Number of protein chains: 2
Amino acid sequence: MDASGQSPYSHRMDATTSTRKLGRRPKAVGGEAAREAILDAAERLFAARGFNGVTVRHIGEAAGVDPALAHYYFATKRGVFDAVFLRRAPPLNAERERLLDELEARPADEVTPADVIAAFVEPALERWAHGGPGWKAYLALVAQVNNTPEWGGETMTRYFDPVVHRVIALMRRCLPDAHDVDLYWCYHFLSGALTLTLAETGRIDRLSGGACASSDYPAVSTRLPEAMAAAFVAVTARGRASDR
Amino acid sequence: MDASGQSPYSHRMDATTSTRKLGRRPKAVGGEAAREAILDAAERLFAARGFNGVTVRHIGEAAGVDPALAHYYFATKRGVFDAVFLRRAPPLNAERERLLDELEARPADEVTPADVIAAFVEPALERWAHGGPGWKAYLALVAQVNNTPEWGGETMTRYFDPVVHRVIALMRRCLPDAHDVDLYWCYHFLSGALTLTLAETGRIDRLSGGACASSDYPAVSTRLPEAMAAAFVAVTARGRASDR
DNA sequence: GTGTTTTTTCAACATGCGGTGAAATATGAT
DNA sequence: ATCATATTTCACCGCATGTTGAAAAAACAC
């Protein structure tokens, strides 16, 4: 379709270091700025209204940019969405891996289920609370995708399964008698509790008559690991007669 | 706009009893059949692809009906959605209320947190497992709305808050030392775990390599109340120094 | 049958959609 | 300045959208 030498759509995470020196690829700072503006706007809009509730024109307008630029950089609307989803996954997972490394280095009897859960949820919760509106929108988007039938499950699998497998493995280590099926189901419950929190629908605010706030990071940070650790312990405590 | 005597869009839950007798309103059985066909098709499509992922033409085609009929019966696409959401809420909540009545009639020390949770989740899980594809789609739709920012929280509040307040009240009765804030947050986690289950994304199937199935009703029914009851107990066990 | 009302079909509307391709502009090397 | 490339703008395409109003068909009362 395009006869130009360089195909435009590519994830260039590099080139940010040498923006002003010469080299064979100057690339332009203006280009990257527009690209990021599109991603930021799309991130916020997709999180608020879902993939089908947003148009390329909305994104362009919100980013202060011609809508056709979205196609120039990402080829298609779905390409914009994928780029949004991809952008913040590596740093988030990297910190999760780092915390899991620390736990793995400790003796097994010095690691509690709450520690493992905290290593999984805390990197997300911390960015959700203190990472700025971009992270907040991104995590709400992840939460939304996690609860979307059909392609939701597959998308989450692709981006987040490796770290989850490590969480399960660590949990297995500190709950040696647990059946794997129980561990998977408990992770499933944990995942649901976490993603509903990140979605920040405001329902708990209304339900509690203002006693609780959807955005209350300390309230979640102290209760979620405690609650779900108890869930893991209770469910895996005894041999189970039924199923499998 | 319309000069005819009877405005067409109205929730007529009556008239089903006297369909064949005379009276001033014969109403027609064909009409109700088409109406239900539209709701069934819309239910399935909205659950699978979300409000904005479905068109009125899709609904008409899936229902085997002219798309304009959707406007004849429900005035607008949003009207179809609201009618879908409304249709199955009363029977679901009615059974929840019935089970909560039973628990309320029992002495407080004979009701466990797991009982209260089961009274809340079991009516949903049972229909999800054995209620047929209509209920399955409906519950997936509820799950999706529950995790939708902005209007998701408000919609859920309107339809489901009364029964949730009764759940909290019963939980307060069997955990007398609990702080209300802790109860609300634990309900929030429970709600997240339940709705992710009902969304049935298939993620746990992939994650577990087939050891777990998203649609495994006994697996959920035995574990979810147990897990979340332990969460309630653990979080509310002690006086909490932080927040509030 | 006639007449009335409800239900269904059909064609069309204004608008907005994702996407395209060429022209215009900016950028930087030589 | 000149040229090549990267970026941005703009007009436009074909198509799908929600919705409408009038006509046709069916259902029913008499």
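Here is the naming used below: chain letters follow the sequence lines, and residue numbers restart at 1 for every chain. Keep in mind that this is a model prediction, so the values were computed, not measured.
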Nearest to the side chain of [X] - [options]?
{"X": "A68(A)", "options": "dT8(D), dG21(C), dT20(D)", "answer": "dG21(C)"}
{"X": "V56(B)", "options": "dT8(C), dC10(C), dT19(D)", "answer": "dT19(D)"}
{"X": "D66(A)", "options": "dT9(C), dT9(D), dG19(C)", "answer": "dT9(D)"}
{"X": "H58(A)", "options": "dC17(C), dT20(C), dT8(C)", "answer": "dC17(C)"}
{"X": "A34(A)", "options": "dG19(C), dT8(D), dG18(D)", "answer": "dT8(D)"}
{"X": "Y73(B)", "options": "dT8(C), dG21(D), dG19(C)", "answer": "dT8(C)"}

Q: Please work out if V80(A) contacts a base, only the sugar-phosphate, or nothing of the nucleic acid, heavy-atom cut-off 4.0 Å.
A: nothing

Q: Could you label the plane-to-plane angle of the W185(A) and H188(A) rings as parallel, tilted or perpendicular, counting under 30° as parallel and over 60° as perpendicular?
A: perpendicular

**Q.** Polar side-chain contact R57(A)-dG16(C) base: donor and acceptor under 3.5 Å
**A.** no

[N] phosphate, OP1 or OP2, under 4.0 Å from [X] side-chain N/O:
{"X": "T76(A)", "N": "dG19(C)", "result": "yes"}
{"X": "Y72(B)", "N": "dT6(C)", "result": "no"}
{"X": "T55(B)", "N": "dT17(D)", "result": "yes"}

For atom [atom1] of [X] and atom [atom2] of [N], their distance in whole Å:
{"X": "K77(A)", "N": "dA16(D)", "atom1": "NZ", "atom2": "C1'", "value": "13 Å"}
{"X": "L69(B)", "N": "dA24(D)", "atom1": "CG", "atom2": "P", "value": "18 Å"}
{"X": "E61(A)", "N": "dG18(C)", "atom1": "CD", "atom2": "P", "value": "13 Å"}
{"X": "E36(A)", "N": "dT7(D)", "atom1": "CD", "atom2": "C1'", "value": "16 Å"}
{"X": "I59(B)", "N": "dG18(D)", "atom1": "CD1", "atom2": "P", "value": "8 Å"}
{"X": "F74(B)", "N": "dT20(D)", "atom1": "CZ", "atom2": "P", "value": "16 Å"}
{"X": "N52(A)", "N": "dG18(C)", "atom1": "CG", "atom2": "P", "value": "9 Å"}
{"X": "I38(A)", "N": "dT7(D)", "atom1": "CD1", "atom2": "P", "value": "12 Å"}

Q.
Let's go through L92(A) and R127(A) carefully: what are the C-alpha distance in whole Å and the side-chain angles of both, what is the deciding distance for side-chain contact (heavy atoms from CB on, under 4.5 Å) to 0.1 Å, and is it a yes or a no?
A. CA-CA 9 Å; L92(A) 173 61; R127(A) 283 161 177 77; 4.2 Å; yes

Q) Would you find a donor on one side and an acceptor on the other, under 3.5 Å apart, between the side chain of N93(A) and the backbone of Y159(A)? A) yes

Q | Y138(A) (side chain) donor-acceptor with F85(A) (main chain) under 3.5 angstrom | A | yes

Q. Are D40(A) and R87(A) ion-paired here, with the side-chain N under 4.0 Å from a carboxylate O?
A. yes

